[in-house]
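Small disclaimer: the values here were computed from a predicted structure and weren't measured.
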Amino acid sequence: MDKLEGYYFSGLLSGCFLLSSLLFTKITHQQKDPYMDEIFHIPQAQLYCQGHFNQWDPMITTLPGLYLASVGMVKPAAWLLGWSENVVCSCGMLRFVNLLFNLGNLYVLYLILCKINCKTKVSSLKKILSTLTLYVFPTFYFFTFLYYTDTGSTFFVLFAYLMCLYGNHKCAGLLGLCAFFFRQTNIIWIIFCAGNVISEKLTEAWKTQLKKQDEKPSARGSFSEAMEALVFLLQYCLSVRNIIILVQLTWPYITLVLGFFAFLAFNGGIVVGDKTSHEACLNFPQLFYFFAFTLIFSFSHLFSPQKLKDFIKSVWKRPLIYMALAGISVILIWKFTHVHKYLLADNRHYTFYVWRKIFQRHELVKYLLVPGYLFAAWSLADSLKGKSVFWLLMFYSCLLAAVVPQKLLEFRYFIVPYLIFRLNIPVPSVSKILLELALYVAVNIFSFYLFLHKTFQWPDSDQVQRFMW
C-alpha cells in the first residue's frame with residue numbers, strides 16, 4: 001500500500017465507521033428489543049456475560065463462538081470504562097460487536113483484493129471502490145446491525161483465506177477454528193483454503209509436466225482441459241510422495257477436518273440444539289438460486305449484450321452439451337426441490353415473497369427459469385476463466401457442499417461463496433464498479449427503509465414485525 005493509497009483507505013475506513021454508526025444508532029433506537037433470531041442469541045450472550053457458561057438454549061443451532069467473542073470484547077471494555085452490568089451486555093452493545101467485526105471485514109476484503117491482484121496493475125481507485133462495494137453488499141451489510149452470527153463468521157472465514165493466500169497456514173488453521181465455532185458449515189471454506197494450497201501445487205506440477213513432454217495445454221476453460229486435469233490429478237495422487245508433500249503443506253487444515261469428523265461423531269450431526277428444523281437434504285436447486293442471486297448482484301460484470309451474444313454462440317457450437325445440461329437441470333428441479341416450512345410460514349423474510357410471487361405463480365415457472373440459470377452459470381464460469389482448472393474444481397466442489405444440503409432458501413447462506421467469487425474475478429472497470437455500488441446502495445436504502453418504516457403486526461400478536469433479508 002503506497003502512502004497516498006493509505007490515506008484513501010484511512011478515509012474509507014473512517015467514513016464507513018461514521019455512516020455505519022449513524023445507521024446503527026437509528027436501527028437500535030427504533031428496534032430496542034431483540035428481533036427475529038436475536039431472541040435466542042442475545043439472552044444466550046447475556047448468560048455468558050454473567051458467567052453462566054453451563055447454560056444453553058436448545059433452540060440455538062450454532063456453536064458459541066459469537067457469544068465467547070462478544071464477552072471477550074465487551075467485558076474488558078466495561079472494566080476499563082467502568083460501565084454497569086446493564087450496559088455492558090445490553091442489546092445495543094452486543095449488536096455493536098458486529099459493527100466492529102464488519103470494520104474488520106472491510107480491512108480484510110481490501111487486503112485480499114490487494115493480494116489476489118498483486119501481479120496485475122490495479123489502480124488505487126479500483127481497489128478502494130471494490131472494497132467499498134463489497135463492504136456494502138446488501139445481504140452482508142444488513143446483518144451488521146443485528147446480533148447474528150453472519151458478520152463474525154464471515155470475518156474469520158475471510159481472515160483465514162487471507163492468511164492462506166500469504167502462506168501462513170498455521171494462523172489460517174487457527175482462524176478457521178474460530179470460524180467453525182461461529183458456524184459449523186464454515187468447515188467447507190476451511191477445506192477451500194486447503195484446496196487453494198493444493199491447486200497451486202497441482203498447477204505448478206502440471207505445467208512442469210507439460211514442459212517436459214513439450215505439449216501445449218488445451219484451451220483454458222474447455223472441456224478437454226478439465227478432462228486432462230482430472231487425468232493428471234489421478235496420476236499425481238497415485239504417488240505416495242506427492243500425497244506426503246500435500247499433507248505437509250495442508251496439515252493445519254487436515255487437523256481441523258479430523259476434528260470436525262470427531263465433532264460429528266460426538267454430536268450426532270452438524271447441528272447443535274434444534275436438529276429437527278435444520279435437517280440436511282439434497283436440495284440441488286439451491287445451486288441454481290445461487291447462480292441467479294449472483295447474476296443479479298453482479299449484473300454489471302456478468303451481464304452485457306456481448307456476454308449474451310457469446311453465450312448464444314457457445315450454445316450454437318455445443319447444442320448437445322447444453323441440451324443435456326438443461327435436461328439434467330429439469331430433472332434436478334423436478335426430483336430435488338425441497339420447500340422448508342419456515343419459507344412458507346414467515347412473511348418477514350424477502351424469500352417468502354420471492355417464493356410466493358415467482359415460484360408459486362405456476363407449476364412450470366421453476367422449469368422455465370432453467371435457460372436463465374444456465375446463462376448465469378456460464379457467465380459466472382466465464383468470469384473465473386483466469387483461474388486454474390484445479391482452483392475451479394475446488395471452488396465448485398465447495399460451492400456444492402455449502403449450498404446443496406440446505407433445505408431452507410436463505411440468502412444469508414450465499415454470502416461467503418458470493419464474496420469469494422467476487423474477490424477472485426478480474427477487477428472490473430471503474431464504471432462497472434460504480435454501477436455495482438449504485439445497485440448495492442439502492443438495495444440497502446430500500447431494505448433499511450422497509451425495516452424501519454414499513455412495520456406491521458400479526459393478528460395474534462402485539463409485537464411489531466419488520467421486513468428483512
Heavy-atom pair of closest approach, residues [X] and [Y]:
| X | Y | result |
| --- | --- | --- |
| Y353 | N347 | OH-O, 2.7 Å |
| C164 | A172 | N-CB, 3.9 Å |
| I191 | M394 | O-SD, 4.2 Å |
| R348 | R466 | CB-O, 3.5 Å |
| A45 | V71 | O-CG2, 4.3 Å |

TODO: Assign the ring pair F260 / F180 to parallel, tilted or perpendicular, where the plane angle (0 to 90°) is split at 30° and 60°.
DONE: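 Answer is perpendicular, since the angle exceeds 60°.
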Open item on the list: Which label fits F311 and F375: parallel for a plane angle under 30°, tilted from 30 to 60°, or perpendicular past 60°?
Closed with: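 The arrangement is perpendicular - the two ring planes meet at more than 60°.
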Task: Identified ring pair (Phe, Tyr, Trp, His ring centres under 6.0 Å) counterpart of Y373 within the set F290, F284, F288, F293 - done: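 It is F288, the one option of F290, F284, F288, F293 that forms the ring pair (Phe, Tyr, Trp, His ring centres under 6.0 Å) with Y373.
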- [ ] Sort out for me which residue in W189, F192, F155, Y166 forms a ring pair (Phe, Tyr, Trp, His ring centres under 6.0 Å) with Y161.
- [x]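 Among W189, F192, F155, Y166, the one meeting ring pair (Phe, Tyr, Trp, His ring centres under 6.0 Å) with Y161 is F192.
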Task: Steps toward side-chain hydrogen bond (donor to acceptor under 3.5 Å, both in side chains) verdict (Y322, S314) - done: CA-CA 9 Å; Y322 282 95; S314 181; 2.6 Å; yes
Open item on the list: Hydrogens and angles aside, do T149 and R183 bring a side-chain donor and acceptor to less than 3.5 Å of each other?
Closed with: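 Judged by distance alone, the side chains do pair up.
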Open item on the list: Quick one about H41 and Y67 (side-chain donor to acceptor, distance below 3.5 Å, no hydrogens or angles considered), yes or no?
Closed with: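 A donor-acceptor contact under 3.5 Å links the two side chains.
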- [ ] Would you kindly check if the NZ (Lys) or CZ (Arg) of K313 is within the cone defined by 45 degrees around the ring axis of W316 and under 6.0 Å from the six-membered ring centre?
- [x]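 Not satisfied by the 6.0 Å and 45° rule.
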- [ ] Could you give me the CA-CA distance, side-chain angles and deciding distance for R241 and I244, then say whether side-chain contact (heavy atoms from CB on, under 4.5 Å) is met?
- [x] CA-CA 5 Å; R241 180 175 174 273; I244 291 172; 5.7 Å; no
Is the [X]-[Y] ring centre distance short of 6.0 angstrom?
| X | Y | result |
| --- | --- | --- |
| F448 | F145 | yes |
| Y367 | W334 | no |
| Y110 | Y135 | no |

Open item on the list: Working note: S153 + Y148, criterion side-chain hydrogen bond (donor to acceptor under 3.5 Å, both in side chains); need CA distance, chi angles, decisive distance, verdict.
Closed with: CA-CA 9 Å; S153 168; Y148 275 56; over 6 Å; no
- [ ] Begin from the C-alpha positions of Q235 and V231 and carry the test side-chain contact (heavy atoms from CB on, under 4.5 Å) through to its verdict.
- [x] CA-CA 6 Å; Q235 292 174 345; V231 170; 3.8 Å; yes
Task: N283 vs L409 side-chain heavy atoms within contact, under 4.5 Å - done: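 Side chain of N283 against side chain of L409, heavy atoms only: no contact under 4.5 Å found.
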Open item on the list: Less than 4.0 angstrom from a charged side-chain N to a carboxylate O is my criterion; do K307 and D310 meet it?
Closed with: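 Judged by the 4.0 Å cut-off on N to carboxylate O distance, K307 and D310 do not form a salt bridge.
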Task: Matching residue for W469 among Y141, F451, F143 - test: side chain to side chain contact (heavy atoms under 4.5 Å, CB included) - done: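 For W469, the side chain to side chain contact (heavy atoms under 4.5 Å, CB included) test succeeds with only one of Y141, F451, F143, which is F143.
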Task: Matching residue for L158 among L175, L111, L423, L134 - test: side chain to side chain contact (heavy atoms under 4.5 Å, CB included) - done: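 Only one option passes, and that is L423.
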Open item on the list: Return the OH to CG distance between Y413 and D150, rounded to the nearest 0.5 Å.
Closed with: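 Y413 atom OH to D150 atom CG measures 9.0 Å (nearest 0.5 Å).
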- [ ] Before giving the answer on side-chain contact (heavy atoms from CB on, under 4.5 Å), spell out for Y289 and F411 the whole-Å C-alpha distance, their side-chain angles and the decisive distance to 0.1 Å.
- [x] CA-CA 9 Å; Y289 308 149; F411 292 140; 5.9 Å; no
